[in-house]
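Everything on this sheet refers to the single structure shown next.
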Amino acid sequence: MQNMKQIFLTVLLGGCLGGLFSGCTDEDMSGKTTEDTLGVRVNLGSRAKLDGSDIEISSLKVYAFWGEEQVGYHELTSSEQEKGSFMMDVVQKTMSEQEMAFYAIADDKVVEYERGQGFSKNMSRADLEQIAFTSVINDEKLPLTCREEVEITVSGGVENGAEGHEGHLIVNKDKPVELKLSYPAGKLELYFAKGPNVNSDGLVVKSAKVLRNGMREKNYVFPVSLDKLQVVGSYPADKPINLKNNGVVVKTLENKTTNADDYELLMEGNVFLFENPYGSKDNNVDQPGDNDGNVIEIVYTVNGGNERTKEVYLPAIERGKRYQILCWVDYRGTVIVTYKVLPWETEDVYELDGGEHPSYNCTLDGDKDNTDVWVSVTDPVLPRDREGAVNFRFKMNSKQQWTPTLRNSVGFKMAVMRVTDEMLMPDSAIDEGEYIITIWPTEDSKVGDVTYLEITSRSLTGEFEPLLINTDKKWGSDSQTLIKIVRVEQQSTK
């Protein structure tokens, strides 16, 4: 996987010296409001990357709010862009703690907005929460955005000598506020490889497109609630995917893999996927899911045979994610699809954390005191409610991503659900937070079958290594990195 750098903004906030700056007023420190001005220095970090090449930011707008009131705005100049650092004035509203919300957008003109909207200086917080784009100009690139709420301690500090901001104080110098820019939508990557006994030019993808029903008609610039996402309408037309080499697949693989480097990226140009809470059922790309989920339709031929059609059902689309679809096609024309959901433009988390070890904990969830499982005919809405399953509560406290895996997975299934919103997650590159991991046997299993849960995350060396989720070796395994799950006879839950 390519290492793609994350943009971050470091915001150092300072206040004026009373009496030395025009408009400063004398107030006590009880929290009463004031109308002084804070000097804010914003430092641009390393550039984000798209497809391995540096992105030059042509514009950057930053808004600051105290409640619903705008207290600051700054638009980057060309010289500031070159330096990667600039000063911003923010109105001070209190003499103690000042809670503020920052909104930032880079390259705001690369998309077309709903109802001809756009970004201007005098926008309210409500305006920013509502603004959405409907298309990406030339499918070239997306804007980068951030929304962050911070609490500023307006006391102490050192004198700031920056030109135009003499008499201000820099506070929070030792604990800067970081605003991390990320892409507000997702991105599709479509890969192919052919199996043995397929001729050199025998696999031809005639066409590929994203069907209109799952595409959303707009994408909010800043994150919104699930309720707002659920009522966004569908796009009025299918989205064709441009193909390289007239769709002829060159790459041959003996067997399918889950490594994109083993496949051929067949698409040409970008296909951006707007945020969409609907998707495939249980993250199964081969089975229809929600009616409004994204679907890729692929038309292909093998060894000069008849045209065939394969539909790939995508999971829910999240902001700032890359969706790698890996298609392996054998000589019979069977398409086996695997997929990965990966961070988009984010640098390796162990570098971001300055070499921090993963911080996590894993416990049994619910009333069970063992890891035995059995087959049940129940099919609840949430996997954690499945009778006969075992649930683990896993919490990644640090910024590392993690991946759960079942060893000897034949006859067993696994689902990962985020606790905060009960959303089912992909089975790789899961972000920090708290989750329920549910494991259960299928009807294909038999009594005595065994599987093992393993969770990996990136180490300080940059390699993915197993986490110590069974430190006391109490869950049936002699290994501290594996938890043993055994299929048993059906048990009574009464």
Side-chain angles (χ1 to χ4, degrees), residues 51 135-136 139 142 183 185-195 203-217 219 232-249 251 253 256-260 262-302 306-330 333-342 344 424 426-429:
D51 298 332
S135 63
V136 182
D139 286 329
L142 292 176
Y183 291 110
K187 180 174 180 285
L188 176 68
E189 297 176 3
L190 186 59
Y191 295 81
F192 281 87
K194 58 189 177 184
L203 175 57
V204 181
V205 179
K206 298 291 187 178
S207 66
K209 60 184 176 182
V210 185
L211 300 185
R212 70 189 71 180
N213 195 53
M215 295 179 63
R216 302 294 86 187
E217 65 180 355
N219 195 101
V232 175
S234 59
Y235 195 71
D238 298 336
K239 172 67 177 177
I241 300 173
N242 296 325
L243 302 173
K244 299 177 181 177
N245 196 28
N246 295 319
V248 177
V249 178
K251 201 68 174 282
L253 277 179
K256 75 174 182 79
T257 73
T258 57
N259 185 358
D262 295 333
Y263 293 74
E264 179 180 351
L265 181 62
L266 199 62
M267 59 185 291
E268 194 169 46
N270 297 312
V271 173
F272 300 114
L273 301 171
F274 287 1
E275 196 173 11
N276 186 348
Y278 301 106
S280 54
K281 182 176 176 59
D282 296 331
N283 296 313
N284 186 341
V285 294
D286 294 314
Q287 296 295 328
D290 300 321
N291 290 333
D292 291 327
N294 277 289
V295 181
I296 302 173
E297 183 186 271
I298 301 166
V299 178
Y300 64 100
T301 61
V302 176
N306 295 331
E307 288 188 356
R308 303 175 182 224
T309 300
K310 171 68 177 177
E311 291 188 340
V312 179
Y313 301 90
L314 300 185
I317 304 301
E318 297 186 59
R319 305 165 68 92
K321 300 289 187 181
R322 293 185 296 135
Y323 293 79
Q324 287 187 346
I325 307 301
L326 313 179
C327 302
W328 183 81
V329 186
D330 67 14
T334 302
V335 181
I336 299 179
V337 180
T338 57
Y339 79 96
K340 290 183 178 180
V341 181
L342 302 171
W344 183 15
L424 291 178
D427 57 4
S428 63

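Every heavy atom of this structure was used, including side-chain atoms; hydrogens, water molecules and symmetry mates were not.
The 12-atom threshold is not exceeded at OH of Tyr235, counting heavy atoms of other residues, nucleotides or ligands nearer than 6.0 Å.
The minimum heavy-atom distance between Val248 and Glu264, with the atom names listed, is O-OE2, 3.9 Å. The two residues Asp139 and Lys239 come nearest to each other via the heavy atoms OD2-NZ, 2.5 Å. Here the closest heavy-atom approach between residue Val341 and residue Pro315 is recorded as CG2-CG, 4.4 Å. When all heavy atoms are compared, the tightest approach of Leu211 to Glu297 is CD2-CB, 4.0 Å.
Side-chain contact between Phe192 and Lys194 is absent, with no heavy-atom pair separated by less than 4.5 Å. Residues Glu275 and Val232 form no side-chain contact, since every pair of their non-hydrogen atoms from C-beta on lies 4.5 Å or further apart.
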Trace of the side-chain contact (heavy atoms from CB on, under 4.5 Å) decision for Lys251 with Trp328: CA-CA 10 Å; Lys251 201 68 174 282; Trp328 183 81; over 6 Å; no

Give the intermediate values and the outcome of side-chain contact (heavy atoms from CB on, under 4.5 Å) for residues Leu314 and Ile325. CA-CA 9 Å; Leu314 300 185; Ile325 307 301; 3.5 Å; yes

Run the side-chain contact (heavy atoms from CB on, under 4.5 Å) test on Asn213 and Val295 for me, step by step, so that the C-alpha distance in whole Å, both residues' side-chain angles and the decisive distance to 0.1 Å come before the verdict. CA-CA 8 Å; Asn213 195 53; Val295 181; over 6 Å; no

Checking side-chain contact (heavy atoms from CB on, under 4.5 Å) for the pair Ser234/Met215: CA distance, chi angles, key distance, verdict? CA-CA 5 Å; Ser234 59; Met215 295 179 63; over 6 Å; no

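The ring-ring contact (aromatic ring centres under 6.0 Å, His included) test with Tyr183 is passed by exactly one of Phe274, Trp344, Phe272: Trp344. A side-chain contact (heavy atoms from CB on, under 4.5 Å) with Val335 holds for exactly one of Ile298, Val302, Val329; it is Val329.
Judged purely by atom type and a 3.5 angstrom limit, Asp330 has no side-chain atom pairing as donor or acceptor with the backbone of Gly195. The backbone N or O of Gly333 lies less than 3.5 Å from a partner atom in the side chain of Tyr300, making a donor-acceptor pair.
Atom CD1 of Ile296 sits about 7.5 Å away from atom CG of Leu273, to the nearest 0.5 Å. Once rounded to the nearest 0.5 Å, the distance linking NZ of Lys187 with CD1 of Ile317 reads 13.0 Å. Residue Leu243 holds its CG atom at 7.5 Å from CG of Leu190, rounded to the nearest 0.5 Å. Atoms CG and CD, on Leu326 and Glu189 in that order, are 9.5 Å from each other to the nearest 0.5 Å. Atom OG1 of Thr338 is separated from atom OH of Tyr263 by 4.5 Å, given to the nearest 0.5 angstrom. Rounding to the nearest 0.5 Å places CG of Asn294 at 5.5 Å from CG of Asn276.
For Arg212, the side-chain hydrogen bond (donor to acceptor under 3.5 Å, both in side chains) partners at least two apart in sequence or on another chain are Asp238. For Asp290, the salt bridge (Lys or Arg N to Asp or Glu O under 4.0 Å) test picks out no residue, with sequence neighbours left out. By the salt bridge (Lys or Arg N to Asp or Glu O under 4.0 Å) test, Glu268 is found to be paired with no residue, residues two or more places apart in sequence or in another chain being considered.
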